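The structure under discussion appears below in the form of structure tokens.
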Amino acid sequence: MSYAAKPLTPKSKLLLGFGSFLIPILIWCAVSYLPFIWHPQVQITQSGSVAYLQTGSRVDKAVFYAEAQNAVNAGAEPPQGKLVNPIYLPAPHEVAKALVTAFITPPAQPDAPWFHQSLWHSIKIVFTAFFIASLIGIPLGILCGFSQKISQLTEPFVEFFRYLPAPAFGALAVAILGINDAPKIAIIVVGTLFQQILIIANTTRMVDRGLIEAGYTLGTNKLKSLFNVVIPAALPDIYRDLRVLLGWAWTYLIVSELIGTTTGITWFITQQARYQNFDNVYAAILIIGVIGLVCDVILMKLGEHFFKWKAGAK
């Protein structure tokens, strides 16, 4: 006896989607606000007789307890402190505050960009690079999936090249394209183009052969079959592939922005980490995730509108 899985109701989908974010946030809150879970350090509130323990500094619990015991044994004033997490793990309320202040706080250097300017710069780099990669990857991927000859001529080299790490071309990209945005765009293109060709080719091959044969039966030639049968049939799944591949472009952003002049959101993260403002670092990382998620939801809704006849396009 088989049991078919019941489709989830819209309410269930909403609750489960909310839970997927709520669970990690609750874990983060527990680690941040419940000292017995972790809190491996002590933040000094009063140094007492231990001169090298500065007020506001953090030390491991073992060191603090040893110094406090030594002070008590010597009849001196012991240090005072509170249990805290390492500075690289700020609490949720600190990151939430940084999410707001990052947009309204002017940069430390007069000539430095604001946070929103750095963010917009990075967004332009990602989408420009992905557009360039798609201009080449989509048609070439479709042709590879449609024609065995083009596939055999193209895919062996693409398979080889996709294993080469894109950041390894950084020095070469700077030498050829300069130190501004062009090498950054090139690195993202290299990191996504060859994967895009292979994925789209495989998606094209999955078009129902019965549709193609039916087209030939009705008198279409190979070229008409490509444009009137294969591409329309594969387009919803190719669109879904592009949504996934856009996420890959974001993963190459941070590496690409370290090449040449440091700009964009990477510059902001690097500067904040240098001064140990890790609440701002987490805020910037979360902003990238929010932008990526919003873009994906928008693309999903557009896909549902454009491909209403293809349920799998969601």
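In this text the structure is predicted, and so the values were computed from the model without any measurement.
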**Message:** Is any side-chain heavy atom of Asp60 closer than 4.5 Å to one of Val42?
**Reply:** no
**Asked** How long is the span from the CD1 atom in Ile238 to the CD1 atom in Ile138, to the nearest 0.5 Å?
**Response** 7.0 Å
**Asked** With no hydrogens and no angle check, is any side-chain donor or acceptor of Ser256 less than 3.5 Å from a backbone partner on Tyr252?
**Response** yes
**Request:** Check whether the side chains of His39 and Tyr33 place a donor and an acceptor atom closer than 3.5 Å, and report yes or no.
**Result:** no
**Shared hydrophobic cluster, Tyr275 / Trp114 (ILVMFWY, side-chain heavy atoms < 4.5 Å)** = no
**Asked** Hey, quick one: are Leu99 and Val294 part of the same hydrophobic cluster, counting side-chain heavy atoms closer than 4.5 Å, chains of contacts allowed?
**Response** yes
**Item:** Any side-chain heavy-atom pair of Gln195 and Trp248 under 4.5 Å
**Value:** yes
**Item:** Check: Leu143 main-chain N/O paired with Ser147 side-chain donor or acceptor under 3.5 Å
**Value:** no
**Prompt:** Between Tyr239 and Leu302, is a side chain to side chain contact (heavy atoms under 4.5 Å, CB included) present by the stated rule, with each step listed?
**Reply:** CA-CA 10 Å; Tyr239 183 85; Leu302 289 175; 3.5 Å; yes
**Asked** From Thr101 OG1 over to Asn280 CG, what is the distance, rounded to the nearest 0.5 angstrom?
**Response** 5.5 Å
**CD1-CG distance between Ile87 and Leu89, expressed to the nearest 0.5 angstrom** = 11.0 Å
**Message:** For residues Tyr163 and Leu245: do they belong to one hydrophobic cluster (side chain heavy atoms under 4.5 Å, members Ile, Leu, Val, Met, Phe, Trp, Tyr)?
**Reply:** no
**Asked** Any donor-acceptor pair under 3.5 Å linking the side chain of Ser57 with the backbone of Leu53?
**Response** no
**Asked** Is there side-chain contact between Ile265 and Ile254, with heavy atoms separated by less than 4.5 Å?
**Response** yes
**Prompt:** Any donor-acceptor pair under 3.5 Å linking the side chain of Asn70 with the backbone of Ala66?
**Reply:** yes
**Prompt:** Hey, are Thr192 and Gln196 close enough side-chain-wise for a donor-acceptor pair under 3.5 Å?
**Reply:** no
**Request:** Please report the closest heavy-atom contact between Leu177 and Ala186, naming both atoms and the distance.
**Result:** CD1-CB, 3.7 Å
**Message:** Between Phe278 and Tyr282, is the ring pair (Phe, Tyr, Trp, His ring centres under 6.0 Å) condition met? List the steps.
**Reply:** CA-CA 6 Å; Phe278 290 102; Tyr282 278 80; 7.4 Å; no
**Request:** Could you tell me whether the side chain of Leu15 reaches within less than 4.5 Å of the side chain of Phe18, counting heavy atoms only?
**Result:** no
**Prompt:** From Phe306 CZ over to Leu299 CG, what is the distance, rounded to the nearest 0.5 angstrom?
**Reply:** 9.5 Å
**Message:** What's the separation between atom OG in Ser122 and atom CD in Gln117, rounded to the nearest 0.5 Å?
**Reply:** 12.0 Å
**Prompt:** Taking the side chain as C-beta and beyond, is there a heavy-atom pair between Pro113 and Phe268 under 4.5 Å?
**Reply:** no
**Request:** Answer whether the closest heavy-atom distance between the side chains of Ser151 and Arg205 falls below 4.5 Å.
**Result:** yes
**Message:** Looking at Phe161, I want to see if its CZ is surrounded by more than 12 non-hydrogen atoms of other residues, nucleotides or ligands under 6.0 Å.
**Reply:** yes
**Message:** For Leu153 and Lys149: C-alpha separation, side-chain torsions, deciding distance, then whether side chain to side chain contact (heavy atoms under 4.5 Å, CB included) applies.
**Reply:** CA-CA 6 Å; Leu153 180 65; Lys149 291 181 180 179; over 6 Å; no
**Prompt:** Is the side chain of Thr128 donor-acceptor paired with the backbone N or O of Ile125 at a distance under 3.5 Å, no angle test?
**Reply:** no
**Message:** Run the side-chain hydrogen bond (donor to acceptor under 3.5 Å, both in side chains) test on Tyr52 and Glu67 for me, step by step, so that the C-alpha distance in whole Å, both residues' side-chain angles and the decisive distance to 0.1 Å come before the verdict.
**Reply:** CA-CA 10 Å; Tyr52 81 90; Glu67 293 293 347; 3.0 Å; yes
**Message:** What I'd like to find out is whether the side chain of Gln43 reaches to under 4.5 Å of the side chain of Leu83, using heavy atoms alone.
**Reply:** no
**side chain to side chain contact (heavy atoms under 4.5 Å, CB included) evaluation trace for Ile231 with Phe146** = CA-CA 9 Å; Ile231 293 179; Phe146 180 72; over 6 Å; no
**Message:** For the NZ atom on Lys61, are there more than 12 heavy atoms of other groups (residues, nucleotides or ligands in this structure) within a distance under 6.0 Å?
**Reply:** yes
**Message:** Minimum heavy-atom separation for Pro183 and Ile259, please, with both atom names.
**Reply:** CB-CG2, 4.3 Å
**Asked** Do Phe127 and Phe130 sit in the same hydrophobic cluster, where Ile, Leu, Val, Met, Phe, Trp and Tyr count as joined when their side-chain heavy atoms come under 4.5 Å apart?
**Response** yes
**Asked** Considering all heavy atoms of both residues, which atom of Phe64 and which atom of Pro79 are nearest to each other, and what is their separation?
**Response** CZ-O, 3.5 Å
**Message:** For the backbone of Gln80 and the side chain of Thr45, can you confirm whether one donor and one acceptor N or O come within less than 3.5 Å of each other?
**Reply:** yes
**Message:** Quick check for you: to the nearest 0.5 Å, what is the distance between Thr203 atom OG1 and Ile142 atom CD1?
**Reply:** 10.0 Å
**Asked** Under a single-linkage definition using a 4.5 Å side-chain heavy-atom cutoff for Ile, Leu, Val, Met, Phe, Trp and Tyr, are Phe131 and Leu140 assigned to the same hydrophobic cluster?
**Response** no
**Item:** Heavy-atom pair of closest approach, residues Ala91 and Ser32
**Value:** CA-OG, 3.7 Å
**For Val255 against Pro167, the heavy-atom pair lying closest together** = CG1-CG, 3.3 Å
**Message:** Is it the case that the side chain of Lys124 and the backbone of Trp120 share a donor-acceptor pair, with hydrogens and angles ignored and the cut-off at 3.5 Å?
**Reply:** no
**Message:** Apply side chain to side chain contact (heavy atoms under 4.5 Å, CB included) to residues Leu258 and Trp267 and explain how you reach the verdict.
**Reply:** CA-CA 8 Å; Leu258 292 174; Trp267 181 89; over 6 Å; no
**Prompt:** Sub-3.5 Å donor-acceptor pair from the side chain of Asn85 to the main-chain atoms of Gln41, do we have one?
**Reply:** no
**Item:** Ala51 backbone acceptor or donor facing Gln54 side chain under 3.5 Å
**Value:** yes
**Request:** Could you tell me which non-hydrogen atom of Cys144 sits nearest to which non-hydrogen atom of Glu155, and how far apart they are?
**Result:** CB-OE2, 3.6 Å
**Heavy-atom side-chain contact between Arg162 and Leu198 under 4.5 Å** = yes
**Request:** Mark yes or no for whether Thr105, through its side chain, and Ala102, through its backbone, hold a donor-acceptor pair below 3.5 Å.
**Result:** no
